[in-house]
2 protein chains.
Amino acid sequence: MDPRGARREPTMRDVAALAKVSTKTVSRVINDLPGAGPDVVERVRAAARTLGYRPNLTASSLRRSDKRSATIGVLFEDLSNPFDAALLRAVEDRARQTGVLVLAGSSEDDPDLQRELLTSLATRRVDGMVVMAVGGHQDALQQERERGTPMVLVDRPPTFGGTDSVTTTNRDSSRDAVLHLAALGHRRIAFLGDRQTLWTSQERYTGYLEGLAHTGLTLREELVRTDLRGPDAAQAATTALFDLDEPPTALFTAQNLVTVGAMRTLRHHGLHRSVALIGFDDFPLADMLEPGVTVLRQDVPALGRRAAELIFARIDGDQSPPTHAVIPAALIQRGSGEIPPPHDQVGAGRGAARTARSRSDTGP
Amino acid sequence: MDPRGARREPTMRDVAALAKVSTKTVSRVINDLPGAGPDVVERVRAAARTLGYRPNLTASSLRRSDKRSATIGVLFEDLSNPFDAALLRAVEDRARQTGVLVLAGSSEDDPDLQRELLTSLATRRVDGMVVMAVGGHQDALQQERERGTPMVLVDRPPTFGGTDSVTTTNRDSSRDAVLHLAALGHRRIAFLGDRQTLWTSQERYTGYLEGLAHTGLTLREELVRTDLRGPDAAQAATTALFDLDEPPTALFTAQNLVTVGAMRTLRHHGLHRSVALIGFDDFPLADMLEPGVTVLRQDVPALGRRAAELIFARIDGDQSPPTHAVIPAALIQRGSGEIPPPHDQVGAGRGAARTARSRSDTGP
DNA sequence: GCCCGTTACGTCAACGTTGACGTAGGAGAA
DNA sequence: TTCTCCTACGTCAACGTTGACGTAACGGGC
């Protein structure tokens, strides 16, 4: 195919020589700048075409005064997670409109890895970054920000000042989920959550507490299981819940993988039609399970779009005070969240208010 | 945060001035090259630290003899598709080991968009590309390849020579699926597939035909529905199948979104326990549906790893003949593919051979 | 003492491109 | 005519870095 190794890419100088003009004139033609006559333009274009010339963006961005690399960095937790993937796609779509490409990386929720990727992006002089911060301290992010790198945090807000963020109504929506369950008469609502170092987990837990408080329910410590990393941990925790003397009649699972684990256990014990479940984060096929899974659905494309808009505004020099956009999540009723508690469990005066399994949508 | 705009990034010259050495010496220290005394090394390191110096990779790769940008391009169809996302992640993991970052883009199966992204990557002088080719002609890819850009195609092989590829056992696995269904006694097995311009779709259809041929079944044109783009088209096609005088007793859905659409229809008509279904591509929660969905599971991490290994070998100058790696897909029996045909439909002498719903795994 | 090799630096130019500025030639106004 | 202005180029240096090469100082062997 390419017998003697990769051949040298043609440069402006090659084009200039062939078209018998100076490199500067080639530069003018390539960049559609004025100052080149029609005949010269045509000669240069022809020369570039025959040589297969393509400008070298790295050289150009080195020299240009604005130093733009037309590249942004995206640093999420795990690009194979559907949530992260959808977010990346939304950012990418917006970036493409401006001719900007995306350097993507997974931080694995590991501070060291995040720091490493951060400097990796920085040495490539990206124009800005969209970051899902790892749990714990955000020193590395703050330092990067203080150097002047445009940055937008998604899913989790900054613990430091002066930086834009886009998040979901974690707390309010979680509270709504609990209120929804309580309105059906549930009194023993369990909380299953991800690592408590994550801001989203904390917020969702706080929303859970608010929900309990609003309906006069008391917090039962044994119904709260946090720091569940992945479906297996969630599965084990759910099993433990049903070994209790007084097991929960409803579950609020505060993260998508946790939801999956809990559902597995419910099915395993044949409880999926009798124990109510509401999960945070929608997932494909949630409507095709029996019962359909009631979820709080985040508007992921909107999150991504907003994050992209913010970062590009900053890159373009927007100096206005930092924005903290909050995108509302919606409660999608599919059945699992509308299961009432067993009759002997219904609290005084709080009858099941809604029709169970009121399928209100067509799918995720 | 940054009152007078982004401040200038410190350069080697700044570090050199502070450490009172030449820029060349700074270069030596930064790159851990010999030729700098211990005291000088320390002085330079200290200076770099106080200034917050970080090397400019674009400048460095411009000057370096190997011209490496330590960046590869990944061009898939849709980064928000779980298959693509998992693939990206696998490539990214391998790339990170070498300090290489990934520029990612979605081609949307649009030749123009693919060409655009291709040149976008080329102007950034990526060291190589991992590409999921769009359907139809591959001129743009071939041209890029002929310029000498290292390239590996994933999921779909090149229509031109001299280029590595990594694919799945599309044909053989599809045939196995049909054989599996036929062994249960099914005689009317429908095929539902994605766009026929895609190589994978063609292969899977060919496998379907081989399966029919191996078992002596005759192809019924009305049971074949192709060019289904997305779940909605699949849903409509499935509905049409069951409006036939002799509807199918089993479905082979040759793409993951098609599987979802078909399942929706089966459920809608209450047929999901009586009509057999095998889908190509696994998906989350396939085991939690009732019945569990029997699928051909591609080994996505293996696909990604292999692709990454190949591209890095080429980047490192490997000149051996092109490799066409084929990663085997596995039939995961979960129930839906083990549903036998109704009694009056069983063909002569071909009784249901296996136990239906022989759950053989724990989940996707 | 001298020569040689080695180490630790420095100098210079170049990678591919563009900003700043210079200049030749022609059109138009005085 | 002569001066001015504009257009269409060209020249030069610089972006931040590194390869090629130069050189001063030192140590060791004779």
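In what follows, chains are A, B, ... by sequence order, proteins preceding strands, each numbered from 1.
At a threshold of 4.5 Å between non-hydrogen side-chain atoms, the residues B:V166 and B:L310 count as touching. For the pair A:E9 and B:R125, the minimum side-chain heavy-atom distance is below 4.5 Å.
Contact check on B:R8 versus B:D14 returns a salt bridge, with a Lys/Arg side-chain nitrogen under 4.0 Å from an Asp/Glu carboxylate oxygen. With respect to A:R305 and A:E92, no salt bridge is recorded, no charged nitrogen being found less than 4.0 Å from a carboxylate O.
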Test side-chain hydrogen bond (donor to acceptor under 3.5 Å, both in side chains) on A:Q138 and A:T159 and set out the steps. CA-CA 7 Å; A:Q138 301 183 342; A:T159 55; 3.1 Å; yes

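Inspection of the A:S69 and A:R124 side chains reveals no N or O donor paired with an N or O acceptor under 3.5 Å. A donor and an acceptor atom, one from each side chain of A:T149 and A:E144, are located under 3.5 Å apart.
The side chain of B:R8 contributes no N or O atom lying less than 4.0 Å from OP1 or OP2 of D:dC15.
Contacts between residues 20-45 of chain B and DNA chain C, defined by a heavy-atom separation under 4.0 Å, are made by B:V21, B:S22, B:K24, B:T25, B:R28, B:G35, B:A36, B:G37, B:V40. The stretch residues 47-72 of chain B comes close to DNA chain C through B:L62, B:R63, B:K67, each having a heavy atom under 4.0 Å from the strand.
Within the structure, side chain to side chain donor-acceptor pair (under 3.5 Å) contacts touching residues 80-89 of chain A (residues at least two apart or in different chains) are A:D78-A:S80, A:R89-A:D93, A:R89-B:D78, A:R89-B:S106, A:R89-B:E108.
Atom CE of A:M12 is separated from atom P of C:dG19 by 10 Å (rounded to the nearest Å).
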